2 protein chains.
Amino acid sequence: MQDASPPKKPYHHGSLKEALVAAGIEILDARGLEALSLRAIAAHVGVSHTAPKNHFGSLKGLLTAIAAEGFARHRAFMLDGAQGGDAKARQYAAMQGYIRFAQVHPHLFRLMFSPALCAMDDPDLMAAARASYGVLASIAKGLDWDKSGAADADRRAELMLWSLVHGYAMLSLSGSAQGTGAVLSISDIMPDFGYLPKDHRAP
Amino acid sequence: MQDASPPKKPYHHGSLKEALVAAGIEILDARGLEALSLRAIAAHVGVSHTAPKNHFGSLKGLLTAIAAEGFARHRAFMLDGAQGGDAKARQYAAMQGYIRFAQVHPHLFRLMFSPALCAMDDPDLMAAARASYGVLASIAKGLDWDKSGAADADRRAELMLWSLVHGYAMLSLSGSAQGTGAVLSISDIMPDFGYLPKDHRAP
DNA sequence: GCAAAATATTTACACTGGAAACATGCAAGA
DNA sequence: TCTTGCATGTTTCCAGTGTAAATATTTTGC
């Protein structure tokens with residue numbers, strides 16, 4: 001009787017593919033993008049620096065897989081804390097989750113939007129990114145922006161919301177916005193949410 | 001009788017410092033970030049690959065200078081086409097200029113907001129970035145956002161506008177937003193400007 | 001003119017990602 | 001059981017990178 005998990009069980013290491021992605025995220029969080037070399041990731045797992053090639057083809061392939069996993073966690077951040085709340089609470093949780101993720105995983109967040117490092121046309125990455133985008137898009141409807149009644153009003157409202165939140169997150173990481181390093185709040189850029197409770201968790 | 005220009009006139013090359021920055025931007029526009037190596041820039045100017053060290057200290061120093069020049073051009077893009085117009089035309093020109101710059105110099109634009117590549121605390125870079133930000137901030141007042149009357153309403157309106165425009169520009173470069181490659185318009189994310197004339201110039 | 005400083009080159013080194021040849025371990029078929 | 005085939009990793013090598021140190025060359029100040 002075999003395990004019910006997916007049939008692909010690597011031979012030697014056990015599950016090198018996932019281990020490499022996990023190691024990449026650990027290094028990214030601990031030491032930043034500069035330290036994220038193919039050799040460093042491989043050494044962290046305990047294999048030679050050419051082992052990843054079998055699974056990912058090249059460094060870009062590995063970074064793409066890391067970014068895809070990043071989008072999955074990104075989505076989880078947005079969904080976290082929104083279960084069982086009303087519409088407004090869900091809106092707030094999603095937007096604040098977007099920003100909180102960028103603060104907790106700044107280097108991973110940048111990697112996820114760097115076409116020079118990731119293959120943006122990778123199917124897995126696109127699927128993960130779209131799933132993450134879907135969370136934000138679903139709450140855009142309830143914001144009641146763009147009351148023009150135009151045919152593409154929904155799509156435009158999504159793009160507005162995404163641009164606003166993404167821009168705020170990016171600027172805060174670039175160090176151009178502020179130097180305090182304080183916890184960012186969506187209410188800084190959305191007056192409508194100014195009355196909502198402060199962050200319910202530490203950074 | 002000497003020239004009235006600033007006293008610092010380099011000795012051998014004539015003006016290596018500026019030539020290196022210009023070469024860097026050329027390579028960036030023509031071949032992207034991956035091709036922007038210290039050796040490539042030096043070869044483009046015709047000096048050894050260690051020559052830049054005398055002027056910039058390290059690659060990071062050179063990239064920082066390139067980013068500073070980028071902010072200067074960025075500011076020029078926002079001011080371009082806004083001379084003599086009314087307030088609304090100036091608002092439109094600035095925002096559209098912000099986005100158009102990101103489209104014309106995508107790699108330079110990314111570099112300007114990459115703390116891993118530039119020294120964001122460099123005085124020259126900070127001054128150039130602040131000057132560029134000032135253009136956007138000056139038009140934020142006229143947009144009449146955040147009518148809450150709060151003490152920091154102005155600063156918040158600036159941050160909102162900046163986040164919105166910057167996020168839109170960044171997302172369009174990441175390839176996550178759309179695949180058409182069409183000319184971006186600020187009216188895509190600002191319904192208020194939907195009635196304004198289309199771009200008055202080709203991309 | 002001469003010493004000192006600024007500017008640029010040469011050389012060397014540690015590091016990177018990738019390619020090729022080789023070794024190892026698992027699966028299935030005779 | 002033995003053997004063939006394939007997926008998985010390692011070893012070795014290579015071109016390329018940024019940086020440091022020693023050296024050469026030119027310009028400036030006196």
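So that the names make sense, note that chain A is the first sequence line, chain B the second, and so on, each numbered from 1. Note that the structure is a prediction, hence the values are computed from the model and not measured.
The interatomic distance linking B:Leu33 (CG) with D:dT17 (P) rounds to 14 Å, in whole Å. Counting to the nearest Å, the C1' atom of D:dT17 and the CD atom of A:Glu34 are 14 Å from each other. Atom CD1 of A:Ile41 and atom P of C:dC15 are 17 Å apart (whole Å). Taking atom CZ of residue A:Arg31 and atom P of nucleotide C:dC15, one finds them 13 Å apart after rounding to whole Å. Rounding to whole angstrom units, CG of residue B:Asn54 and P of D:dT27 are separated by 15 Å. The distance from atom CG of A:Leu16 to atom C1' of D:dT10 is 12 Å, rounded to the nearest whole Å.
Residue pairs meeting the ring pair (Phe, Tyr, Trp, His ring centres under 6.0 Å) criterion with at least one partner in residues 124-144 of chain B, sequence neighbours excluded, are B:Tyr133-B:Trp162. Residue pairs meeting the side chain to side chain donor-acceptor pair (under 3.5 Å) criterion with at least one member in residues 109-123 of chain B: none, sequence neighbours excluded.
Defined by atom type and a distance below 3.5 Å, a donor-acceptor pair is present between the side-chain atoms of B:Tyr98 and B:His166.
In this view, B:Ala35 and B:Ile27, B:Arg31 satisfy the side chain to side chain contact (heavy atoms under 4.5 Å, CB included) rule, not counting sequence neighbours. B:Ser58 meets the side chain to side chain contact (heavy atoms under 4.5 Å, CB included) test with B:Lys60; sequence neighbours excluded. For the side chain to side chain contact (heavy atoms under 4.5 Å, CB included) test, residues two or more places apart in sequence or in another chain that qualify with B:Leu59 are B:Leu38, B:Leu63.
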Identify all pairs in which a protein N or O lies below 3.5 Å from an N or O of nucleotides 17-19 of chain C, and state each distance.
from, atom 1, to, atom 2, distance (Å)
C:dG17, OP1, A:Leu38, N, 2.7
C:dG17, OP2, A:Leu38, N, 3.0
C:dG17, OP2, A:Arg39, N, 3.3
C:dG17, N7, A:Arg39, NH1, 2.3
C:dG17, O6, A:Arg39, NH1, 3.4
C:dG18, OP2, A:Leu59, N, 3.0
C:dG18, O6, A:His49, NE2, 2.5
C:dA19, OP2, A:Lys53, NZ, 2.5

